[in-house]
Every structure is written in structure tokens, then in C-alpha cells.
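Both counts, for ligands and for their atoms, begin at 1 and track the order of listing.
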Amino acid sequence: MSLLIIRLLVFVLVFWAGWRLWQYWQQARPSEKTSDKDDPGPKMVKCQECGVHLPADEAIQSGDLHFCSIDHRDAYQSSSDKD
Ligand SMILES: [Zn+2]
């Protein structure tokens with residue numbers, strides 16, 4: 001009789017430990033997503049021609065400068081050439 005209770009207790013303990021481990025694992029994984037909330041997200045850059053902000057991976061890069069489109073890159077470079 002007491003052996004049955006011990007077995008039951010061990011089963012409950014293992015189940016509880018597994019459940020806690022699962023909870024810990026579930027809390028640990030979304031922390032990658034919550035850390036994204038702390039970060040500003042994708043890096044935003046400003047078009048040197050019109051001043052619009054857009055993600056860096058969508059911007060046209062020319063040296064250290066960023067542009068929203070190839071047209072604005074060409075327009076900025078042609079206007080800077082005139083100066
Ligand atoms: Zn622009």
C-alpha cells in the first residue's frame with residue numbers, strides 16, 4: 001500500500017518537474033521575440049534627397065548615404081555634382 005503511494009508520489013513529482021521544465025522552456029523561447037520589442041527593430045535610414053525614412057535593407061545605398069529610390073540617388077548625385 002505504501003509502495004503504491006510512493007510510486008504515485010514519484011509519478012506526480014516527475015510530471016510536475018516535466019511541466020515546470022516545459023514552462024521554463026516556453027518562457028525561455030519567446031524571450032527572443034520580446035527582445036525584438038526592446039530593439040527599435042529594422043534599422044531605419046533617411047533618404048538624403050527627400051528625407052523619407054525607410055528600412056536600411058530596402059534603401060539604395062551609395063557610400064555612407066541612403067536613398068529611397070535609384071531616381072533620388074541619381075538626383076542627389078547630379079545636384080551635388082552641380083555644386
Ligand atoms: Zn527619396
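- With rounding to the nearest 0.5 angstrom, the CZ atom of R73 is 11.5 Å from the SG atom of C47.
- The line from CG of D71 to CD of E49 is 10.0 Å long, rounded to the nearest 0.5 Å.
- For the Zn ion (ligand 1), the tally of protein N/O/S atoms lying closer than 2.8 Å stands at 4.
- Atoms OG and CD, on S79 and Q48 in that order, are 10.5 Å from each other to the nearest 0.5 Å.
- Sorted by first and then second residue, the ring-ring contact (aromatic ring centres under 6.0 Å, His included) pairs with a member in residues 54-76 read F67-Y76; sequence neighbours excluded.
- Residue C68 holds its SG atom at 8.5 Å from CD1 of I60, rounded to the nearest 0.5 Å.
- When each of I5, V12, L13 is checked for a side chain to side chain contact (heavy atoms under 4.5 Å, CB included) with L9, only I5 meets the rule.
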